[in-house]
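Proteins come first, then strands; the chains are lettered A, B, ... in the order of their sequence lines, and each starts at number 1. The structure presented is a predicted model; accordingly, all values stated were derived computationally and were not measured.
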Amino acid sequence: MAIAKRQFDAIVVGAGGSGMRAALELAQANLRVAVLSKVFPTRSHTVAAQGGVSASLGNDEPDNWHWHMYDTVKGSDYLGDQDAIEFMCRKAVEVVVELEHFGMPFDRLDNGKIYQRPFGGHTSNYGERPVKRACAAADRTGHAMLHTLYQRNVRAHTQFFVEWMALDLIRNQQGDVLGVVALEMETGEVMILQAKATLLATGGAGRIYSASTNAFINTGDGLGMAARAGIPLEDMEFWQFHPTGVAGAGVLITEGVRGEGGFLLNKNGERFMERYAPTVKDLASRDVVSRAMATEIKEGRGAGKDGDYILLKLDHLGAETIDKRLPGIREIAKKFANVDPVTDPIPVVPTCHYQMGGVPTNYSGQVVVPDGSGGEKPVKGLYAAGECACVSVHGANRLGTNSLLDLLVFGKASGETIIADLKADVQSQQELPADAADLPLARLARLDSATSGETVAQVGADMRRSMQLHCGVFRFPDSLGDGVRNMLEIAQRVQHTYIKDKSKVFNTARIEALELDNLVETAMATIISANARTESRGAHDRSDHPDRDDVNWLKHTLWNKEGNRLEYKAVKLKPLTVEGFEPKPRVY
Amino acid sequence: MRFSIYRYNPDTDSKPRMQDYDIPLEPTDRMLLDALVRIKEHDDTFSFRRSCREGVCGSDAMNVNGKNRLACITKVTEVKEPIVIRPLPGLPIIRDLIVDMSQFFKQYHSIKPYVQNDDPPPERERLQSPDDREELNGLYECILCACCSTACPSFWWNPDKFVGPAGLLWAYRFIADTRDDKINDRLDNLEDPYRLFRCHSIMNCADVCPKNLNPTAAINKIRDLMVKRAI
């Protein structure tokens, strides 16, 4: 079958924060860039980020990037790569100020500077007390940022392919990436998009769990594409459970609520975080708070008739502060929890929120793989940024507001790297391999020809239930084993799904089936990696190995799809210009 | 729960039809979007857009019992059965509840939706007082769902010439921003019998906005500025 083909200088897969920040860099350099997105750009999941973006602006009190770096390293439970963390924290002020110049409607202090609020794990003077570092636009920071970046791309005449789903990477025999095969949703047509540079900016895959703050579109498409192309996935056992998802609904309630002075209560009305994190209490990092909440519930101190949630109290902030700083939260609480936080606490539970792992990259945004002799080498033509990438700046646990920062810093950096790499590469585009589109066409052909089988909804629901049950906040060895067995079975079942709809035009059943392939790759990487890591670090907490084990496990996991093979690589403990932070016990 | 839903697939249908569904809901299916997802489990040929499921991405705008709404923040208990669901009115239909929004976005793009300022940016942030920043509230929160523009008769008649309530709300968002120095150009861009002045203050836009924004108020402020500029 002959497939239409188009050539570009660069392809960006995904139009969330990192994809659009990179695209802006590329479009402004007058490169021919194609940005593919499953949804209109402002519908990408960056839009749902609430509380803020971190930068040590020091607008309201003293702050500096060294403190930010320390907090991020400590927050990562020392699994973060310190070269990348230094890079990110030093760049923070520049990229946030730039965003303001782009038109971002940040809230303001009386002196006209950007408003900043405290956030979990961000401290002054290496852990002394909470610091105001989160730059915020009310509780709609992600929405404001995503729209601003889209608007700036409109100005730069960036070419968007809206409602196109990338299916698979094109990789030649040398392992170079030459572009993607993609599906135009409106027509159902498949096209090859060829470029010297392909940036994965596809976001996370929080939809592998039943209880998730994530949007329907967060299906790990970049992870699935990378895995199928033989690229390992890094640190996939580390998933962040956000302490405050609305009980039963999963919808996010920002940590900014606690940043503004809200706190958590158990059924006895006790402010229990004082016991778990005596210094910063409710503003400890998310893994710590989520575990504390899960422990309270497990030990019978949960609120509600089934004792299965925790209360988030903020009425003492007063209606005026809530309406000014947390208006979206009030809306969400009324809609999804049937409570008005001006008078009543919000029922919350830890909810899957963020994927710390992803496609391995260096801090320039190049995707890197083991070189066979203990080091690593870039994959020519492939880059990744944002939640789908593992730089790794978040290590075993991400700090709130560091994700929006990650998008800006590494979106921009990967754009700059692509520009430099394209300039250095004077060769014309490489010839496409004859089998360039075989894999995605075979995936589509299977769906078209299947006349019976399980539904995509059924297999997807079983996957989510299994991950929720076996790979949640607390992890148990036997249960992880069951989880592995379930996923091996589900990986078989997903190859035999059936869709009734065989039509071309905007066939969302087909899209959901293709997405499930990617979710299953992600879930498999997660459960296999989690089962193997016999320690507790950051968001990965094992009952049989309750302590962090730096002797054996201060290393990154690399999962390979082929044979579910695991390998490991060293954590970069040496920053770029300053002394590194040695691993030490983590208390808040 | 009983539904009557607009169905049209250009690949398989010669003309559109209304399809009835009677689907048992789970106790966790609290929003209309949950119900639509449940229907799709039974009938995977039913297509609609959705993403964030919390009212911030703007994907799942549709016409529910005659009113434009977001399915994800509409409780199933607040709409009368049988729930009649149609695509947003006035836009070309691609399939089922999925409409072609090109014209809507074209109008949005036409107002130059980005801050323009000829002064070189300072080393740090441009300063803005809290009061000046407050002028942007009720404007920047727009999610581009198109509930308003597709509820506006003026937009139905002249989607190619009238910017529409969403685009005009955004136009005022940039006019109101103290960091933007192109107010005159922006007003020039709207000084035309259609682009702004087709608004007849019917206020359907404000009535349907799922974010409780008021495009009519923004449009009136632009008119005031035009009048002020003329005298």
Contact origin within [X] toward chain B - heavy atom pairs under 4.5 Å:
| X | result |
| --- | --- |
| A:Glu98 | neither |
| A:Thr42 | both |
| A:Asn111 | backbone |
| A:Glu512 | side chain |
| A:His101 | both |
| A:Leu109 | backbone |
| A:Gln458 | neither |
| A:Asn507 | both |

Query raised in the report: Any side-chain heavy atom of A:Val349 within less than 4.5 Å of one from A:Asp308?
Result: no
Report task. Would you confirm whether A:Lys334, through its side chain, and A:Asn338, through its main-chain N or O, come within 3.5 Å as a donor-acceptor pair? Result ->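 No: the side chain of A:Lys334 does not pair with the backbone of A:Asn338.
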Requested in this report: Identify which of B:Thr12, B:Leu144, B:Val37 forms the greatest number of heavy-atom pairs closer than 4.5 Å to chain A.
Outcome: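 Sorted descending by pairs with chain A, the first entry is B:Leu144.
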Query - Least distance between heavy atoms, B:Ile94 atom then B:Arg49 atom - result: CD1-NH2, 4.2 Å
**Report entry** Lys/Arg cation over aromatic B:Tyr8: B:Arg95, 6.0 Å, 45° cone
**Finding:** no
Query raised in the report: Is it true that A:Asp323 and A:Arg330 have a side-chain N and a carboxylate O under 4.0 angstrom from each other?
Result: yes
Query raised in the report: Charged N to carboxylate O below 4.0 Å: is that the case for A:Lys113 and B:Glu125?
Result: no
Report summary line: Applying a strict 4.5 Å limit to non-hydrogen atoms, the region of B:Ser129 in contact with chain A is backbone
**Report entry** Part of B:Phe48 lying under 4.5 Å from any heavy atom of chain A
**Finding:** backbone
Query raised in the report: B:Asp177 and B:Gln128: side-chain donor and acceptor closer than 3.5 Å?
Result: yes
